[in-house]
There are 2 protein chains.
Amino acid sequence: MSDERPDPGTVRPGGRTAKVREAVLRAAGDALAEDGFDRLDLAEIARRAGVGKTTVYRRWGTVPGLVADLLTEMAEDSLPRSETGSLLGDLTAQARLVQSTLSDPRQGPLFKALITAAACDPQTAEALHRFYRIRTEEWAPCVTAAIERGEIPAGTDPTEVIRAVSAPLYYRLLIGGDPVDRASADRAAKAAATAARAGAFTA
Amino acid sequence: MSDERPDPGTVRPGGRTAKVREAVLRAAGDALAEDGFDRLDLAEIARRAGVGKTTVYRRWGTVPGLVADLLTEMAEDSLPRSETGSLLGDLTAQARLVQSTLSDPRQGPLFKALITAAACDPQTAEALHRFYRIRTEEWAPCVTAAIERGEIPAGTDPTEVIRAVSAPLYYRLLIGGDPVDRASADRAAKAAATAARAGAFTA
DNA sequence: CTTCTAATGGTCCTAGAGTTCCGTTAAGAA
DNA sequence: TTCTTAACGGAACTCTAGGACCATTAGAAG
């Protein structure tokens, strides 16, 4: 009954297939950063990647499908986490990292486009949530450490603290339109650290 | 030289023209809430509104153009502001209002779509920024009042406090994927109030 | 009321995104 | 190495979003 048909690229993932995927995902990232989500054309992506457009349509099918795969790829490489010894120091480092990413001429538009794509497609949304869940978990230990140091109350939800740092910066990027500058990053970190110390993030 | 050509609908804004605009904007809102930004088809909007598609293309031209007009319309009607007598009370009321909007089956998807549209088009982005600037200014007085009561430090930036309340909720809606529930609203309000008291939002 | 024309709304047309077909290339197995 | 077939890529096709054209309707002014 069941017409077993594995997804293209899974049976022979070596050599050529891997090169194609890498080239297409790179081209997709470039196009997203430059033109945005809605102006994306899979044929244009194929041209940039030096790949037949049939291949792109066959393996990824739709724009959201391609973006979801890009997010899966991006979720794999993690970023360095700093340990300054104080919650405020750690959160400030985190906020500044987010700030520099979102204000980067390539990364800023790219993340904006990724979030846009996720808002339009459930599959992409799931990939985005996974991406940020991983990022959040990578940062969580600095909050746990603060709990162990007695700097903030036991029962504080680490992920809530981490998200509280990023949220104002993404709000500026997506909604307010204000520049995501160093001052706003430091303010976000300070507000989150202060609220955490006062026990605002306890379950 | 200059071929003066006023925008369609500005010379004879009475009767029919106004009815068409109303019907189209309503249909656009419905379609955005149901299908999302990327699946929007101006011909479909015209059909829903009981209007010729030529009219829609002539007056609004593109999907972002239509969304921008919808945002301009939405910016005009304001919402009631509560005065509870304490900063935490006021911010909690605000957070719960945002929460109920974002978790509403129609409003939630609609706002998601509006923000998505703004991320794709500068004109729409400008309209969105205006919309939220107005909303923020409507809420700002409760922070000013808290300053006058001596509840929070002078020099506190009211708009930053207001945005700090909303930001975590929008983060959940757009990025984290977690439900925008009552608990998260109360937590956002508490965190913002606490941080404000500690002077985290002073310029 | 009559006149003028802005604005509407059918109908037809065009460009390009997405699909299908089929021959070619190369990954993986023996 | 050879063999099998997964995966690629060019070319031709389809289908529809968006635009052009023009006849019709109805505000606004006198």
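Below, chains carry the letters A, B, ... as their sequence lines are ordered, and counting in each starts from 1. Worth saying up front: this structure is predicted, and the values here are computed from it rather than measured.
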field: From CA spacing to verdict: side-chain hydrogen bond (donor to acceptor under 3.5 Å, both in side chains), A:D104, A:T101
entry: CA-CA 5 Å; A:D104 179 83; A:T101 301; over 6 Å; no
Whole-Å gap separating C1' (D:dA7) and CZ (A:R59): 8 Å
query: For the side chain of B:R16, counting heavy atoms from C-beta on, which of C:dA6, D:dA6, C:dG18 is nearest?
result: C:dA6
query: So with a 6.0 Å cut-off around CD of B:E126, is the heavy-atom count from everything else above 12?
result: yes
message: When you measure from the side-chain N and O atoms of B:R21 to the phosphate of C:dA7, is any distance below 4.0 Å, counting only OP1 and OP2?
response: no
field: Length of the line joining A:W60:CH2 and C:dT19:P, which is rounded to integer Å
entry: 15 Å
Qualifying residues under side chain to side chain contact (heavy atoms under 4.5 Å, CB included), relative to B:I147, sequence neighbours excluded: B:I152, B:A154, B:T156
message: Taking the basic N atoms (NZ, or NE/NH1/NH2) and the acidic carboxylate oxygens, is any pair closer than 4.0 Å for B:D69 and B:R21?
response: yes
- prompt: For A:R39 and D:dG18, what is the distance between atoms CZ and P respectively, to the nearest whole Å?
  reply: 13 Å
task: Identify whether the distance between the nearest side-chain nitrogen and carboxylate oxygen of B:D157 and A:R187 falls below 4.0 Å.
output: no
Rounded interatomic separation in angstrom, taking NZ from A:K19 and P from C:dT25: 19 Å
task: Tell me which nucleotide among D:dG18, C:dA17, C:dG9 gets nearest to the side chain of A:D41.
output: C:dA17
message: Would you say the rings of B:Y132 and B:Y170 are close, in the sense that their centroids are separated by under 6.0 Å?
response: yes
Provide a list of protein-nucleic acid N or O atom pairs under 3.5 angstrom, restricted to nucleotides 19-21 of chain D.
residue : atom : partner : partner atom : Å
D:dG19  : O6   : B:K53   : NZ           : 3.0
D:dA20  : N6   : B:T54   : OG1          : 3.4

message: Just the rounded figure in Å: distance from C1' of D:dG9 to CZ of A:R47.
response: 16 Å
query: Within the structure, does a side-chain N or O atom of B:T17 lie under 4.0 Å from either OP1 or OP2 of C:dA7?
result: no
